Amino acid sequence: MGLDYREMDISELDSNIPQGRGMIKWQPFATMPEQYERIARMIDDQSKCAPPSFDNETLVMLEERLRRSIGEAVILRYWNDGFEVQLECRVEYIDNRTQMVIVSKGTEVLNIKFSHIYEVM
């Protein structure tokens, strides 16, 4: 008796063969939204940097430069939520009470914390 099922009589074959899982489809990584979002957040967190810290002399120089630049177009480099931002804008006003620098870019008005600014060009 051979072991090849094609040569065996049909009555000798077991008709109770389990079906199995059938065809299993592969899902690419991006179709799993939770994992994709988590990886994207991890990549963003890795690219963040710490806020700048300066001594008093540097802070005084920055403030003097900003005060001289009121009404002028400047390029501000500042830290915002873990990222470094470079913005070409016009310095409108410095609010001493809230330590905010009010700048405008076109028709948009932005408030930037003085402690986050690290360069005025």
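The analysis underlying the following values was restricted to heavy atoms, covering all of them including side chains, and did not include hydrogens, waters or symmetry mates. Just so you know, these numbers come straight off a predicted model, no measurement behind them.
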So how far is it from [X] [atom1] to [Y] [atom2], rounded to the nearest 0.5 Å?
X: I102; Y: R90; atom1: CD1; atom2: CZ; answer: 13.5 Å
X: E119; Y: Y78; atom1: CD; atom2: OH; answer: 14.0 Å
X: L62; Y: I117; atom1: CG; atom2: CD1; answer: 7.5 Å
X: E84; Y: H116; atom1: CD; atom2: NE2; answer: 13.0 Å
X: N96; Y: E63; atom1: CG; atom2: CD; answer: 7.0 Å

I'd like to know if [Y] and [X] are part of one continuous hydrophobic network [Ile/Leu/Val/Met/Phe/Trp/Tyr, side-chain heavy atoms within less than 4.5 Å].
X: V60; Y: V91; result: no
X: F54; Y: V101; result: yes
X: L76; Y: L59; result: yes
X: V74; Y: Y118; result: yes
X: V103; Y: W79; result: no

More than 12 foreign heavy atoms under 6.0 Å from [atom1] of [X]: is that the case here?
X: D9; atom1: CG; answer: yes
X: M42; atom1: CE; answer: no
X: E57; atom1: CD; answer: no

pair [X]-[Y]: side-chain heavy atoms closer than 4.5 Å:
X: I94; Y: F114; value: no
X: S115; Y: Q99; value: no
X: C89; Y: L110; value: no
X: L87; Y: I112; value: yes
X: K113; Y: M100; value: yes

Minimum-distance pair of heavy atoms, taken over all atoms of E88 and K105: O-NZ, 3.4 Å
Between E92 and V109, does a side-chain contact (heavy atoms from CB on, under 4.5 Å) hold up when you go through it step by step? CA-CA 9 Å; E92 298 294 338; V109 176; 6.0 Å; no
Does this structure show an ion pair linking R38 with E34, if we count only N-O contacts that are shorter than 4.0 Å? no
Check for a donor-acceptor pair, side chain of D55 on one end and backbone N or O of T58 on the other, with a separation under 3.5 Å. yes
